[in-house]
There are 2 protein chains.
Amino acid sequence: MPRLLIGNCFTDELAGDPALLPQAHLQTAAASAQLLIWFARPDDIVVLPQEPEEELVDYITALTGTPRSSFQVLVPPPGVVGTDLLTADRLADPEFRGDLAKAIADRPVEDVIPLTPEASVVELGRALGFLEAVPGHAFVGQGGGMLLNSKAVFRAVAAGSGVPLPEGGVCTSKVDAEEVIAGLFAKGYPVMVKRDYSCGGLGNEIVSPVDGYRPVGAERVLVLPDRAAIRAYLDERWEWATNGSRYPAVVERYVPDSRGIFVEFVITDDGPVFSEHGEMLSAPVANAQVIPSPGLPPRALPELVAAGGRLCETLRMMGFRGQFCADAIVTGTGEVMFTEYNGRITGSTHIYTVIGRQLVGPDYADSRVLVEYCKWPVPSFTAAAEKLAAAGLAYDRASRTGVVLVKAFSHADGTVRFCVIAEDFEAAEVVRERVESLFLPTPA
Amino acid sequence: MPRLLIGNCFTDELAGDPALLPQAHLQTAAASAQLLIWFARPDDIVVLPQEPEEELVDYITALTGTPRSSFQVLVPPPGVVGTDLLTADRLADPEFRGDLAKAIADRPVEDVIPLTPEASVVELGRALGFLEAVPGHAFVGQGGGMLLNSKAVFRAVAAGSGVPLPEGGVCTSKVDAEEVIAGLFAKGYPVMVKRDYSCGGLGNEIVSPVDGYRPVGAERVLVLPDRAAIRAYLDERWEWATNGSRYPAVVERYVPDSRGIFVEFVITDDGPVFSEHGEMLSAPVANAQVIPSPGLPPRALPELVAAGGRLCETLRMMGFRGQFCADAIVTGTGEVMFTEYNGRITGSTHIYTVIGRQLVGPDYADSRVLVEYCKWPVPSFTAAAEKLAAAGLAYDRASRTGVVLVKAFSHADGTVRFCVIAEDFEAAEVVRERVESLFLPTPA
């Protein structure tokens, strides 16, 4: 029986109007949706916002061993923002629904795997008779996905579940935010201001009464020496921080010299199942990840898994099912504090489930580390793949090391992402340097 | 040890800017806050937005038997919207905090009872050292109260908890809303459109493809015969329905000829404790309540309590503690569907806990019904009380029947609320007619 994979990429505008998104953001989302090809298995139906690039499909299927002819790709007609996102109108399109109905006529859908848990996917399931195959359909069908991807809701639910958080607050007014910022400054802490629903540190800013912090996991650091400066900052940035007064802003202690760790789970009817952990490297915003996180302090991992599991139990009670990722920091003294959650397939899920477990092998984490690097400038996807092969850097099944291109070529900035499979992080860094030099002019 | 009662009345602007509220709404909130006097016990500290009206205090304390001199009332200096609401700035006021600190210097706060679970109350507890006495402080301190009082969040959490709901959706765009409305119309259902965070049916509208429905629990009924009419309606009302694009709109099946029933619980560390049920009478918006609900279909009450309890279990996992009310409808065929929740002290709580259990007696529900009526036009609170006494209608402890004035005189519309304690609803209606005639000109 087929699974239905739906490339509805998470966007800042999950809870709003996708027409407001900038063009580069839309292009990135369209490229991200193609990550679903990694998950494709024989008999699957993969719904994508655009026809996937054949070079990418050939490359991925050669690695996964899933013949391209064994799964079906469906692309609905364009919607309100064109062809970059699988918006609700596209999943409701009668022509698309007709095609999908035909594709599943003789073989009921076994499981629905959306990138993002959205009501539009539940509606599709209801209309075509596979509602029960949509994980957490009752909850997700009533907008639950928004609650699972909100930084503000996260803080309430996590605090209420007994999960440790950086001190701070969820602010619905500038006055509240000023109080929280001033209170944290008074304790000698710098502060992170977070815009809800943003990704990869792109909606975060650090503010501090004193100079000297590097931005990590945030776009910039601002020095606010006194109350008047805090007030002026909020006057200027409140509309930004609240998405135009639509969502509360999160204001929390920023802990310098912390590591950004994520823990992923699958939330099932029976409870959470731990999947993997990894480290997000930011310079200043997310630009690499290491799976599994190397050399965590001994008490950190059990605490990450235990607290993450508690959070999952609450979300399971709320009705959520599916892929879940909790982000945390591990401070210089080994303390664990959770910073947000993402109830969806993340940019890490395919790395460890497919490149790790499937390609390298179920025991990948015993002897290998998977390091994904962003933004390698290349002429094209094919040129990058060929260059890697010619340099002897492409992934080698015998040695179980080498480089895998992870994602479609980004037409927004002319880069690709690649994953180095190596014995440890240091070895991966050596490979990264070689990879990044491939298209540089040869030194004289 | 004292309890701390905080009169922070719930408002539409819980999650926004209270300065946007209309004057009448502010006045109503100020009057509602005085309901806390019903709960006052010796040693309590009651924080109110304004000095309570002495006539009201004398009246209530004479009934509860709590001497006015045995509890303390504190009123913080005016805040951003003056003296009608206990806004966060007022609870943070240094002069008020100084007074409160003095009041609790030798006697630690045992329990904090806010009308509404707000982060500002948690902040107060943190600042003055009684954080642990604030119910659900971890959750509420991070904005959890907003989640417990949102009609949109309700639908996701309730559906995910296996609680039956009227068919419908949580809509973040006009396109979504149009689809949901058209889908329900196609099934022959009229539709309720709900504005998040509104109270008492004042944020609800009914739309229907055909004429003939009376508005119950909503302000009006609009006939939308076709898609174009639905679209035009949404174009006109979307900003209203979404509080200016700030919250999703709830769109759900409206079931005519249903009864509006509420079930109240206290959510404790150990689980939910059922408190009471009652019926909300709307003509067209909430104007009376009957406690307990008379003559429910036999299967309805167990189902209301069981499903409400499931919802409470989820909210307990999320970290909420305290007074909780779930609203439901019981349809003409006896079906139960839940329609919203309110995680706060409601306009029913004091009726059954104080007027019922305390004044009439713990067994009040065995032989009495409590019926509260709104909007009795009177010259003043004292005039109303005197007239009731003179007419022999005032509550009589011997017969355990009669009339109790419930709430401060509303300066917004010149009315009071009164509660008839009677043997059954029909007897209460007879008393109501007598009460409402008291200030009418004597017929010639």
Side-chain angles (χ1 to χ4, degrees), chain A residues 13-18 80 87-89 92 119-120 122-123 126-127 136-148 152-163 165 168-173 175-176 179-180 183 244-248 250 310 313-321, chain B residues 13-18 80 87-89 92 119-120 122-123 126-127 136-148 152-163 165 168-173 175-176 179-180 183 244-248 250 310 313-321:
Chain A
E13 294 295 325
L14 177 70
D17 182 354
V80 280
T87 42
D89 57 331
S120 56
V122 178
E123 270 317 300
R126 197 188 314 275
H137 56 84
F139 177 72
V140 174
Q142 299 300 327
M146 286 186 285
L147 307 180
L148 261 287
V153 175
F154 160 77
R155 279 192 65 92
V157 173
S161 302
V163 168
L165 302 179
V170 175
C171 303
T172 54
S173 77
V175 178
D176 289 1
E179 285 304 319
V180 177
S245 296
R246 280 167 54 205
Y247 315 120
V250 167
R310 275 203 301 282
E313 269 303 336
T314 298
L315 300 171
R316 190 179 69 82
M317 287 286 285
M318 290 167 69
F320 180 69
R321 300 291 183 275
Chain B
E13 294 296 324
L14 177 71
D17 181 355
V80 280
T87 42
D89 58 331
S120 55
V122 178
E123 270 317 301
R126 197 189 314 275
H137 56 84
F139 177 71
V140 174
Q142 300 301 327
M146 287 186 286
L147 307 179
L148 261 288
V153 175
F154 160 77
R155 279 192 65 92
V157 173
S161 302
V163 167
L165 302 179
V170 175
C171 303
T172 55
S173 76
V175 178
D176 289 1
E179 286 304 319
V180 177
S245 295
R246 280 167 53 206
Y247 314 120
V250 167
R310 275 204 300 282
E313 269 303 335
T314 298
L315 300 172
R316 190 179 68 83
M317 287 286 285
M318 290 167 69
F320 180 69
R321 300 290 183 276

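For clarity, every value in this text was computed on a predicted model and none was experimentally measured. Letters go in sequence order (proteins before strands), and every chain restarts at 1.
A distance-only check finds a donor-acceptor pair linking the side chain of A:Gln142 to the backbone of B:Gly168 [under 3.5 Å]. A distance-only check finds no donor-acceptor pair linking the side chain of A:Thr314 to the backbone of B:Met318 [under 3.5 Å]. A donor-acceptor contact shorter than 3.5 Å is absent between the side chain of A:Glu123 and the backbone of B:Val180.
Most heavy-atom pairs under 4.5 Å with chain A, from the set B:Gly169, B:Gly144, B:Ala158: that is B:Gly169. In terms of non-hydrogen atom pairs under 4.5 Å with chain B, the most contact-rich of A:Gly319, A:Gly244, A:Gly183 is A:Gly319.
The minimum heavy-atom distance between A:Phe139 and B:Gly160, with the atom names listed, is CB-CA, 3.8 Å. Residues A:Gly143 and B:Ala156 share a closest heavy-atom pair of C-CB, 4.2 Å.
Counting only heavy atoms from C-beta outward, the side chains of A:Val157 and B:Met317 never approach each other to under 4.5 Å.
Neither the backbone nor the side chain of B:Ala119 comes within less than 4.5 Å of any heavy atom of chain A. At a 4.5 Å heavy-atom cutoff, A:Glu179 makes no contact with chain B through either its backbone or its side chain.
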* Could you walk me through whether B:Val153 and A:Met146 pass the side chain to side chain contact (heavy atoms under 4.5 Å, CB included) check? -> CA-CA 9 Å; B:Val153 175; A:Met146 286 186 285; over 6 Å; no
